[in-house]
Number of protein chains: 2
Amino acid sequence: MPEIYRILVVDDHKMFLEGITSILNQEEHLEIIGIAYNGKQALNILKEQTPDLIITDIEMPGLNGISFVKAVRSFDTTIKILAISSHQSSATIHQSIKAGVNGYILKNSGKVTLLKAIAEICSGHRFFPQSVQAILNNSIFKKDNSNQNIILSNREKEILKLIAREYSTQEIADTLCISKNTIETHRKNLMRKTEAKNMIGLVKYAIKTDLI
Amino acid sequence: MPEIYRILVVDDHKMFLEGITSILNQEEHLEIIGIAYNGKQALNILKEQTPDLIITDIEMPGLNGISFVKAVRSFDTTIKILAISSHQSSATIHQSIKAGVNGYILKNSGKVTLLKAIAEICSGHRFFPQSVQAILNNSIFKKDNSNQNIILSNREKEILKLIAREYSTQEIADTLCISKNTIETHRKNLMRKTEAKNMIGLVKYAIKTDLI
DNA sequence: TTAAAATTCACGGAAAACGGTGATAAATGG
DNA sequence: CCATTTATCACCGTTTTCCGTGAATTTTAA
């Protein structure tokens with residue numbers, strides 16, 4: 001591990017970006033080698049330079065944080081990645097971990113947590129503070145509310161998206177050129193899987209899991 | 001106007017708070033007299049101290065920014081208030097203006113915009129940058145998509161919330177102890193007002209406008 | 001005070017959703 | 001290769017939504 005950690009910061013909120021760089025610049029052993037306002041910009045920077053650590057926001061326009069992390073991991077598995085997010089949804093945290101982040105902290109944590117996260121991650125450990133673990137734990141216990149085991153097929157996702165666009169069963173059948181009965185079967189399976197009581201529940205699920 | 005502006009900063013994201021104070025502290029004519037993590041804390045500080053300017057986030061847990069601004073305006077109309085938000089929804093901006101903010105900037109604007117906003121507001125002007133005005137303009141032209149003229153009554157909001165909780169018309173009637181027919185009338189009025197095709201559209205509206 | 005809006009209620013018919021059951025063929029995965 | 005999942009389709013009965021129309025009472029605002 002180097003004496004000085006070279007860091008790339010990615011966040012679409014310019015003000016947050018300036019704030020965080022202002023904090024990091026006060027630390028002698030941390031060097032900001034670049035900033036980017038979105039995943040695409042960050043990938044361009046990574047073509048030229050290789051930081052020790054990437055600090056990235058998760059919710060960003062264009063190429064979002066999770067896709068960005070996946071993209072980075074597709075060509076480099078050694079760069080450390082710390083996700084900073086205001087997203088408290090366990091689905092997002094899980095997705096981030098699956099994508100390959102080394103740590104995940106919330107934006108409402110402070111400077112101390114940030115610096116601790118950087119230190120931990122740069123020395124090879126993972127960093128998921130109590131606050132983040134609590135969210136994951138809750139989601140595990142609340143199996144009824146946000147079950148992670150739900151796996152929807154592509155067809156089901158496709159139909160769910162149309163339902164969310166206020167299409168009726170008949171209209172979906174016409175759109176996909178299949179029987180209305182088939183759509184009804186898919187609809188029933190979707191309700192069973194997501195434990196939704198009706199279409200409203202389905203759409204809320206779709207929104208919650210960022211399907212739409 | 002004083003030589004030195006006394007500022008109270010309110011934001012639930014500790015990291016953002018530290019970032020912004022770090023930026024403001026570099027300015028000699030700005031003095032941070034307090035920070036708060038939510039509206040309630042901020043109101044407590046205001047019992048003891050009176051800043052020239054309040055910089056507040058809009059989306060906060062507990063007492064949210066808009067309610068906080070309204071609360072402040074109920075006992076003080078002279079304190080300047082600058083809203084900093086990542087919310088790009090025109091509804092939120094309108095609500096903030098209605099609540100009585102003197103300016104509204106987005107979190108993806110930079111230090112320069114922030115300082116300009118502070119200067120403008122403290123000298124008695126309002127500050128709504130191009131980016132914010134663009135959102136408002138778009139929403140006016142996009143009357144079909146996000147009509148600002150929709151005004152739902154309290155009863156309608158109440159019923160919409162229950163709809164969003166997957167309650168059927170009958171269940172809502174039982175909950176509110178009124179006729180099923182009445183609920184149907186409300187439902188029809190809601191659909192007409194929001195131009196929703198069905199319950200799905202209603203719930204999406206509710207989510208979009210942060211009703212639920 | 002008077003007009004407008006909000007809240008309440010009713011009836012009837014067409015359309016859609018909901019629930020259960022059963023079944024076939026193709027694709028997938030261990 | 002074989003079990004599972006996926007995707008397709010059908011039927012039937014009940015419930016709910018959706019749509020139109022009409023109306024009375026209370027509350028609110030000009």
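Each chain gets a letter, A, B and so on, in the order its sequence line appears, and its residues count up from 1. Computed from a predicted structure; not experimentally measured.
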Can you tell me how far [atom2] of [N] sits from [atom1] of [X], to the nearest Å?
{"X": "B:R192", "N": "C:dA5", "atom1": "CZ", "atom2": "P", "value": "11 Å"}
{"X": "A:N189", "N": "D:dT6", "atom1": "CG", "atom2": "P", "value": "9 Å"}
{"X": "B:N198", "N": "C:dA17", "atom1": "CG", "atom2": "P", "value": "8 Å"}

Axis bend over the full length of the helix from C:dT1-D:dA30 to C:dG30-D:dC1, computed from five pairs that close each end, to 10 degrees: 80°

Got a sec? Which of residues 169-187 of chain B come in under 4.0 Å of DNA chain D, heavy atoms? B:T169, B:E184, B:R187

Can you sort out the partners of [X] under side chain to side chain contact (heavy atoms under 4.5 Å, CB included), two or more places apart, ordered by chain and number?
{"X": "B:N102", "answer": "B:R73, B:K80, B:I81, B:I121"}
{"X": "A:N189", "answer": "A:E156, A:T185, A:R192"}
{"X": "A:Q41", "answer": "A:A36, A:Y37, A:N38"}
{"X": "A:D76", "answer": "A:T50, A:T78, A:I79"}

Which side-chain N or O atoms in residues 162-172 of chain A pair as donor and acceptor under 3.5 Å with protein atoms at least two apart or in another chain?
residue	atom	partner	partner atom	Å
A:E166	OE1	B:K197	N	2.7
A:S168	OG	A:E171	N	3.2
A:Q170	NE2	A:D174	OD1	3.1
A:E171	OE1	A:S168	N	2.9
A:E171	OE1	B:K197	NZ	2.3
A:E171	OE2	B:K197	NZ	2.8

Identify, with sequence neighbours excluded, every residue that meets side chain to side chain donor-acceptor pair (under 3.5 Å) alongside B:T113. none

Counterpart residues, salt bridge (charged side-chain N to carboxylate O under 4.0 Å, His left out), relative to [X] (two or more places apart):
{"X": "A:E158", "value": "A:R155"}
{"X": "A:E120", "value": "none"}
{"X": "A:E184", "value": "none"}

Can you name the atoms? Protein N/O to nucleotides 24-28 of chain D N/O, anything below 3.5 Å, with the distance.
none

